[in-house]
Amino acid sequence: MTEPRGTRGGPGAGGAATGVERVVAVGTGAKELATEDMILNIGPQHPSTHGVLRLRLTVDGERIASAEPIIGYMHRGAEKLFEVRDYRQIIVLANRHDWLSAFANELGVVLAVERMLGMEVPVRAVWARTLLAELNRVLNHLMFLGSYPLELGAITPVFYAFRERETLQAVMEEISGGRMHYMFNRVGGLKEDLPYGWLDRVRRAVAEVRGRLPDIERLIHGNEIFIARTRGVGVLDRETIMQYGVSGPIARASGVDLDLRRDEPYLAYGELPVKVVTRTAGDCHARFEVLLDQVKASLDLADACVERLRSLPPGPVNQRLPKVLKVPEGHTYAWTENPLGLNGYYLVSRGEKTPWRLKLRSASYNNVQVLREMLPGQLIADMVAILGSMFFVVGDIDK
């Protein structure tokens, strides 16, 4: 049964009926049922996703026909706020866009300012920064290693992951006073020297976490349900990665062998044996494996930093700064290998105590845009598995 369907006020229609027909019902004896695409909104309420992110899906039955990530629900205008803060105050804002990688976020800002000032940072501060950056990387990855199985219905692993996080959080909190927003970096070095006996406590914490990692691995990695839900699902190819600027563990899981710690060393990475973990499958399972192996590699780097710091003679961990810190006129770009990917700050100065422009290139922003290429053709049931394997923080997207 069909009927004419008019459009009112359509382009060029002048409000008149166009005579276009649309199937609204099918009579008895028809060979097949007519179907229509349906729009499905995932989010933006918080319990539905990893934060206030919205996915606008067009679905045909159980399959996704198209996907559009819609961002901006958490936008706080960080880049404009940078412009009205001095370089000391910017650090407190910079460590919040990716709240799981606060120390790494701070690094990009201070490295950019130090480069503009031509400032040499004490050796002790360089090695301490490298150690703290790797501990922060492990904390970030443990959060996703525990929460990703939770997306697929496995509750137990998150308790194991949080046990390891608490072990490392104890030493991070001891040195900085903060559990998430450390505020321990300063232009010219660190806030203060390492507490007496702290390196020994770090070494013990790293050993404990390394010794208990096989528990998480046994729980998740060999689980047949987990393998069925992740292997061959959400494959991301190298060409798409290059087009969208995807980076970090997600890119390395698809065979993109890029890591700034090895390829453009900063801090003390040039003196460390940085192991770059890669896979070639590019699916959800490969992304999880890269994260798990990266934790092991970062724990090894942390041990190397502890040994080097123990061999260094006592010395300063920062440079004396003027009361009003002004950066010379010019511009620079400082990027770092953050836990979730490439994090860059483009700093433009006009010789004042505040930046004229500080542009933030966050890892999650690029990484989440590739969902529009990954989700079409996938089952709705696999959408959550794919979304969770992208390892993003919404604040890092919206800034």
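Quick note: numbers below take in every heavy atom, side chains included, and nothing from hydrogens, waters or symmetry partners.
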With a cut-off of 3.5 Å and sequence neighbours excluded, list every side-chain donor-acceptor pair involving residues 89-98.
unit_1 : atom_1 : unit_2 : atom_2 : d
Q89    : OE1    : D86    : N      : 3.1
N95    : ND2    : E106   : OE2    : 3.0
R96    : NH1    : V92    : O      : 2.7
H97    : ND1    : D396   : OD1    : 2.7
H97    : NE2    : A94    : O      : 3.3
H97    : NE2    : Y345   : OH     : 3.2
D98    : OD1    : L100   : N      : 3.1
D98    : OD2    : S101   : OG     : 2.7

Can a donor-acceptor pair be found, under 3.5 Å and without considering hydrogens, that links the side chain of [X] to the backbone of [Y]?
{"X": "R115", "Y": "Y333", "result": "yes"}
{"X": "D263", "Y": "D259", "result": "yes"}
{"X": "E79", "Y": "L360", "result": "yes"}
{"X": "T130", "Y": "A268", "result": "yes"}
{"X": "R186", "Y": "M183", "result": "yes"}
{"X": "E337", "Y": "L260", "result": "yes"}
{"X": "R310", "Y": "L199", "result": "no"}
{"X": "D283", "Y": "A286", "result": "yes"}
{"X": "R129", "Y": "N185", "result": "no"}
{"X": "Q169", "Y": "R179", "result": "yes"}

[X] to [Y] - nearest heavy-atom pair and separation:
{"X": "R88", "Y": "K323", "answer": "NH1-O, 3.3 Å"}
{"X": "R201", "Y": "P195", "answer": "NH2-CB, 4.5 Å"}
{"X": "P157", "Y": "A154", "answer": "CD-O, 3.7 Å"}
{"X": "L371", "Y": "M390", "answer": "CD2-CG, 3.9 Å"}
{"X": "A334", "Y": "G108", "answer": "CB-O, 3.8 Å"}
{"X": "A281", "Y": "V235", "answer": "O-CG1, 3.7 Å"}

Within a reach of under 6.0 Å around [atom1] of [X], are more than 12 heavy atoms found that belong to other residues, nucleotides or ligands?
{"X": "I225", "atom1": "CD1", "result": "no"}
{"X": "M242", "atom1": "CE", "result": "no"}
{"X": "I155", "atom1": "CD1", "result": "no"}
{"X": "K296", "atom1": "NZ", "result": "yes"}

Same cluster or not: [X] versus [Y], using hydrophobic residues (I, L, V, M, F, W, Y) connected whenever any side-chain heavy atoms lie under 4.5 Å apart?
{"X": "I386", "Y": "I227", "answer": "no"}
{"X": "V368", "Y": "V233", "answer": "yes"}
{"X": "M143", "Y": "F392", "answer": "yes"}
{"X": "V317", "Y": "V110", "answer": "no"}
{"X": "L145", "Y": "L387", "answer": "yes"}

Side-chain contact test, heavy atoms from C-beta onward, threshold under 4.5 Å: evaluate it for [X] versus [Y] and give yes or no.
{"X": "R165", "Y": "V138", "answer": "no"}
{"X": "R262", "Y": "D257", "answer": "yes"}
{"X": "Q378", "Y": "M374", "answer": "no"}
{"X": "M172", "Y": "L132", "answer": "yes"}
{"X": "L190", "Y": "R124", "answer": "no"}
{"X": "F103", "Y": "L135", "answer": "no"}
{"X": "I220", "Y": "I216", "answer": "yes"}
{"X": "V187", "Y": "N318", "answer": "no"}

Nearest 0.5 Å please: distance from the CZ atom of R85 over to the NZ atom of K80. 12.5 Å
With rounding to the nearest 0.5 Å, note down the distance linking CD in E289 to OG1 in T278. 11.0 Å
Does the cation-pi check pass for R229 over F226, that is, NZ or CZ under 6.0 Å from the six-membered ring centre and within 45° of its axis? no
Ring-face cation contact, Y365 with K399, 6.0 Å cut, 45° max: yes
Please walk me through it: do N343 and R361 pass side-chain hydrogen bond (donor to acceptor under 3.5 Å, both in side chains)? CA-CA 6 Å; N343 189 84; R361 190 270 189 209; over 6 Å; no
Any side-chain donor paired with an acceptor under 3.5 Å for [X] and [Y]?
{"X": "S298", "Y": "Q294", "value": "yes"}
{"X": "R212", "Y": "T167", "value": "yes"}
{"X": "S364", "Y": "N367", "value": "no"}
{"X": "S389", "Y": "R287", "value": "yes"}

Side chain to side chain donor-acceptor pair (under 3.5 Å) partners for Y269, two or more places apart: E134
side-chain contact (heavy atoms from CB on, under 4.5 Å), that's the test. Do S362 and L340 meet it? Break it down for me. CA-CA 9 Å; S362 61; L340 297 181; over 6 Å; no
For the pair W335 and E264, evaluate side-chain hydrogen bond (donor to acceptor under 3.5 Å, both in side chains) and give the outcome as yes or no after the intermediate values. CA-CA 9 Å; W335 59 347; E264 290 192 24; 3.2 Å; yes
Can you check whether F144 and F288 have ring centres sitting under 6.0 Å from each other? no
Each residue besides V84 in its hydrophobic cluster should be listed here, by chain and number; the cluster joins Ile, Leu, Val, Met, Phe, Trp and Tyr at side-chain heavy-atom distances under 4.5 Å. none
Using the salt bridge (Lys or Arg N to Asp or Glu O under 4.0 Å) rule, take D293 and K275 through it: C-alpha gap first, then chi angles, then the decisive distance, then the call. CA-CA 10 Å; D293 286 351; K275 179 185 177 183; over 6 Å; no
Take R203 and D200, measure what salt bridge (Lys or Arg N to Asp or Glu O under 4.0 Å) needs, and give me the verdict at the end. CA-CA 5 Å; R203 187 170 58 178; D200 291 331; 3.6 Å; yes
Could you walk me through whether R350 and E329 pass the salt bridge (Lys or Arg N to Asp or Glu O under 4.0 Å) check? CA-CA 4 Å; R350 291 187 172 177; E329 188 171 349; over 6 Å; no
With under 30° as parallel and over 60° as perpendicular, where do the rings of Y148 and F391 fit, or are they tilted in between? perpendicular
Apply side-chain hydrogen bond (donor to acceptor under 3.5 Å, both in side chains) to residues S254 and R238 and explain how you reach the verdict. CA-CA 6 Å; S254 296; R238 181 185 177 90; over 6 Å; no
Tell me, with the steps shown, if R261 and E271 meet salt bridge (Lys or Arg N to Asp or Glu O under 4.0 Å). CA-CA 10 Å; R261 296 173 300 168; E271 302 179 46; over 6 Å; no
